[in-house]
Structure formats: structure tokens, C-alpha cells
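Contents: one structure, followed by commentary.
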Amino acid sequence: MIDRDDHELGERVARAYRESGPGDPEAKLRLLGRLRAEAAPRRRPAILNWLLEPMQVQVRPAAALAVAAIVVGLGVIAAIGLRERSGARHLSPGEGRPIAASQGEAEESAGSPPVIRFVVVAPQASRVSLVGDFNGWDPEAAPMHRLVSGGGTGDTWAIAVPVPRGRHVYAFVVDGKEWKADPHAPLAPEDGFGVRNSVIVVGSAGST
Amino acid sequence: MMVAAFAAAATDPRLAGRLDPETAAAVARVVDEARTAGLPTEPLVAKALEGATKHAKGDRIVAAVRHYATALGGSRAALGEGSSESEIVAGASALLAGIPGDTLVQLRAARPRQSLTIPLVVLADLVARKVPAGTASAAVLGASRAGIRDADFLRLRERIEHDIRAGASPDAATLGRARALAGERSTSPPLRATP
């Protein structure tokens with residue numbers, strides 16, 4: 001394909017030849033001299049030409065749908081990745097280690113008690129509750145949610161609840177009958193009822 | 001007798017809703033005595049509710065609440081009248097775990113202006129993991145006198161727990177970690193376990 005710059009160059013060559021006269025032995029020399037004297041036209045880089053020139057592309061509808069599905073899928077994966085980093089419910093494979101409430105994430109807003117996230121691993125449980133002095137030890141007050149892990153085992157349970165500042169004791173109740181202390185939190189002394197509880201201290205800078 | 005029982009239970013509807021009337025009234029009396037003495041009462045109510053959830057018998061609930069109230073009083077006496085509720089509650093747990101009252105007094109002397117809640121929580125935790133009370137007291141007192149922060153106390157606890165899980169005896173794990181901590185702060189006196 002002849003582009004515009006080539007056409008202009010050809011015109012200049014022709015003009016210069018005509019002006020120098022046919023058959024003149026000196027004509028070639030004069031022609032060459034004039035061509036050298038003229039500034040070379042500015043040419044766009046080839047890649048730029050390729051980018052800017054319109055072109056026709058043929059695509060099968062099935063292929064277009066497949067590409068669109070891949071793009072949407074990548075977007076969903078990216079969104080999930082952002083949610084994981086923000087501490088939401090999904091776990092990566094290999095995670096699921098209990099996060100001691102004593103290391104829990106605390107969110108708070110002005111005037112409200114900090115919200116503490118409690119997490120526990122309870123394999124084969126059908127229901128898990130968080131009980132403590134901050135909710136009257138009521139198993140119905142804080143039923144925990146099963147998290148979906150990458151391995152699909154679903155052994156991890158979590159809940160986020162407001163906990164007033166200070167020292168508190170708590171435990172997890174599995175299937176309404178098994179009491180489980182938090183394996184990664186400080187232990188409280190024997191409770192007078194034969195069961196161990198865990199301790200969390202919620203300070204001014206979140207839980208400790 | 002029954003009228004008085006119901007009157008006492010009426011002071012906190014949570015007790016009446018979860019305990020039988022006789023137990024609720026007995027617990028309410030303990031709570032009232034604690035309130036009169038200026039002690040925290042919410043932990044006592046919570047202790048009763050805990051017992052109810054754990055399906056403990058009434059007399060066991062009352063005994064646990066009364067025992068706890070006594071420990072709260074002892075904790076406040078040892079830590080000082082100006083102590084926070086968290087400190088008093090944590091101190092009560094330490095006393096219930098078998099820590100001598102004198103340890104609480106010494107802790108206050110070692111940390112007169114800082115909260116003792118975390119050191120007391122760590123102290124009770126160590127004893128709950130079968131560290132002898134004397135060793136646990138020495139470790140926590142030594143760390144307090146060395147001026148370590150609350151976050152370092154919690155790390156010390158985690159490391160001791162880790163060592164115990166790895167097979168070390170509770171006593172050896174605590175002494176080892178406490179000596180390592182003292183070594184980092186060479187101004188502290190050498191740590192010795194006390195019986």
C-alpha cells in the first residue's frame with residue numbers, strides 16, 4: 001500500500017526531474033543534489049501507522065462470547081481477592097487456623113463498643129455458638145457462620161460481635177452440648193462448673 | 001420467705017429469667033452484698049448466667065458466685081482501691097487460680113501507674129496450663145519489673161504455650177522464656193522460681 005508520504009516523495013522526484021530537463025547528463029546530478037537538499041519528510045513510526053490505520057477484523061460470535069466470559073471471570077476473581085484482603089468470609093486454601101479473639105480484628109465507630117471477630121475450627125459441627133459474659137452466656141445470642149474455605153471443608157466458623165472494653169470470658173458451644181475454649185487465647189481459671197473458658201481483653205486500641 | 005425470695009430476684013430480671021426462684025434469690029443477695037461493698041456486680045450476674053447455660057445445679061451456681069465475690073474483694077484489697085474493674089476482675093481470676101494475694105500486691109508495686117489487666121490475665125493463663133503458681137508469679141513479676149509492655153506479655157504467654165505444646169514441662173517452659181526475657185533486659189535481677 002502506498003502511503004501519503006511516499007506519494008509526496010514521488011511528486012518531488014518527478015518535479016525535480018522535469019525542471020532539470022530530459023536527457024541532460026547533469027540532470028541526474030542536479031536531481032540528486034536537490035533531493036538531498038530537501039528535508040526528509042517526517043515519517044510516522046511503523047507501529048504507530050499500524051495502530052492508527054483502521055482495519056477490519058472478523059470474529060466468530062462463539063469466540064467473542066468466550067472472551068467476554070473470561071473477562072467477567074477475571075473480574076469476579078479480582079473482586080474476591082479484594083474481599084479476602086479486607087477480612088471477609090472466604091478463606092484461602094490452608095487457612096482456617098483459629099484466629100484467637102485475643103488477636104481479633106476490631107472495628108469500632110465512635111460511641112459504640114468495638115466489634116470483635118471470633119473464629120474457631122470445629123470439624124463436623126452442624127452449629128456453633130459464641131457465648132460469653134458479653135452476651136449473657138446465651139447460645140442463641142450469637143450463632144456463628146460457617147466459612148467456605150478453598151478446600152471446601154467448611155470447618156471454620158466465625159462471627160463478629162460488639163464487645164465492650166475490658167476483660168471478658170467466652171467459649172464456643174458446638175452442637176449445643178460441647179464446650180470449646182479458644183485454643184489461641186489465654187485461658188481463664190476453672191469456672192466453678194468444670195469447664196474452661198477463654199479470655200479476651202478489649203482495650204482502647206482494639207482487642208489484645 | 002417466698003415473698004422475700006421473689007423480691008430479691010426481681011432486682012435483676014436476667015436472673016429470674018434463667019434461674020429457678022430460690023437460686024435467683026440467693027444470687028441476688030450475693031450481688032446486693034457486693035454492690036454494697038462497692039465491688040463490680042456484672043461479673044457476678046454473668047457467673048450465675050454462665051452456670052445456668054452450663055446446666056449447673058442451683059447450689060453450685062450460688063457457691064460459684066459467692067466464691068467469685070470473695071475473690072473480687074480480695075483482689076481489690078490487694079491491688080488497691082483505685083484499681084479498675086478490669087484489673088479487679090482479672091485479679092480475682094488470678095486468686096481463684098491459686099496465685100497468692102501477695103503476688104498481686106507486688107505486681108501493683110512493680111507497675112504503679114500501668115494497668116495490671118494483661119499481666120494478671122497472663123498469670124492466670126500460665127497457672128491454667130499447669131505452671132506452678134510460684135514459677136508463674138516469679139515470671140510475671142520479673143517481666144513487670146523489667147518494664148515490658150502488654151503486647152510483650154502476650155507474646156511471652158504465646159511462646160510459653162508454644163513450648164509447652166512442643167513438649168516442654170510448664171515449669172521449664174516458663175523459666176526458660178522468662179530468663180530469655182531477663183537476658184534481653186540485663187538490668188533486671190536474675191529470675192528464680194519461688195516455691
Side-chain angles (χ1 to χ4, degrees), chain A residues 97-104 113-114 129-143 163-174 176-208, chain B residues 14-15 17-18 40 42-57 60-68 71 84-99 115 117-118 120-130 149-151 153-154 157-158 161 165:
Chain A
R97 183 181 74 84
I99 301 173
S102 58
Q103 305 166 8
S129 297
L130 170 69
V131 293
D133 57 22
F134 43 81
N135 67 5
W137 295 94
D138 182 1
E140 306 302 321
V163 180
R165 299 190 197 288
R167 175 194 176 275
H168 300 277
V169 288
Y170 68 97
F172 304 108
V173 181
V174 180
K177 56 181 184 301
E178 180 193 343
W179 286 73
K180 187 180 175 72
D182 188 331
H184 292 272
L187 285 174
E190 200 275 326
D191 60 354
F193 307 116
V195 181
R196 286 274 184 216
N197 297 320
S198 301
V199 177
I200 180 173
V201 179
V202 181
S204 56
S207 63
T208 56
Chain B
R14 293 174 295 173
L15 297 176
R18 301 275 298 277
E42 268 306 301
L44 299 175
V45 174
K47 176 60 69 177
L49 296 177
E50 179 188 354
T53 300
K54 292 176 177 175
H55 306 293
K57 291 187 177 173
R60 194 168 180 188
I61 293 175
V62 175
V65 173
R66 193 172 292 284
H67 200 43
Y68 197 17
S84 69
E85 179 171 326
S86 289
E87 289 176 313
I88 293 172
V89 170
S93 286
L95 293 174
L96 289 170
I99 297 295
S115 172
T117 302
I118 295 293
L120 289 165
V121 165
V122 171
L123 191 50
D125 171 80
L126 294 180
V127 175
R129 296 181 194 281
K130 308 285 190 262
R149 302 167 304 164
D150 285 353
F153 263 110
L154 292 173
R157 185 205 74 79
E158 287 171 6
E161 180 194 354
R165 284 180 192 269

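Chain letters run A, B, ... following the sequence lines, proteins first and then strands; every chain starts at 1.
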Which of these passes side chain to side chain contact (heavy atoms under 4.5 Å, CB included) with Leu187(A): Arg129(B), Glu161(B), Arg157(B)? Arg129(B)
Report which part of Ala64(B) has an atom under 4.5 Å of a heavy atom belonging to chain A: side chain, backbone, both, or neither. side chain
A side-chain contact here means heavy atoms from C-beta on lying under 4.5 Å apart; do Thr53(B) and Phe193(A) qualify? no
Which atom of Asp133(A) lies closest to which atom of Ala46(B), heavy atoms considered: CB-CB, 3.6 Å
Heavy-atom side-chain contact between Lys47(B) and Asp191(A) under 4.5 Å: yes
Between CG on residue Asp138(A) and CZ on residue Arg18(B), distance to nearest 0.5 Å: 5.5 Å
Using side-chain heavy atoms (C-beta onward) and a distance below 4.5 Å, is Pro183(A) in contact with Arg165(B)? yes
Indicate yes or no: at least one non-hydrogen side-chain atom of Asp125(B) is less than 4.5 angstrom from one of Val199(A). no
Would you compute the distance between atom CD of Glu50(B) and atom CH2 of Trp179(A) and round it to the nearest 0.5 angstrom? 6.5 Å
For chain A, which of Ser93(B), Ala94(B), Ala124(B), Ala56(B) has the most heavy-atom pairs under 4.5 Å? Ser93(B)
Heavy-atom proximity to chain B below 4.5 Å, by part of Asn197(A): side chain
Mind checking whether Arg167(A) and Leu120(B) have side chains closer than 4.5 Å, heavy atoms only? no
Between His67(B), Glu87(B), Arg60(B), Glu85(B), which residue shows the highest count of heavy-atom pairs closer than 4.5 Å to chain A? Arg60(B)
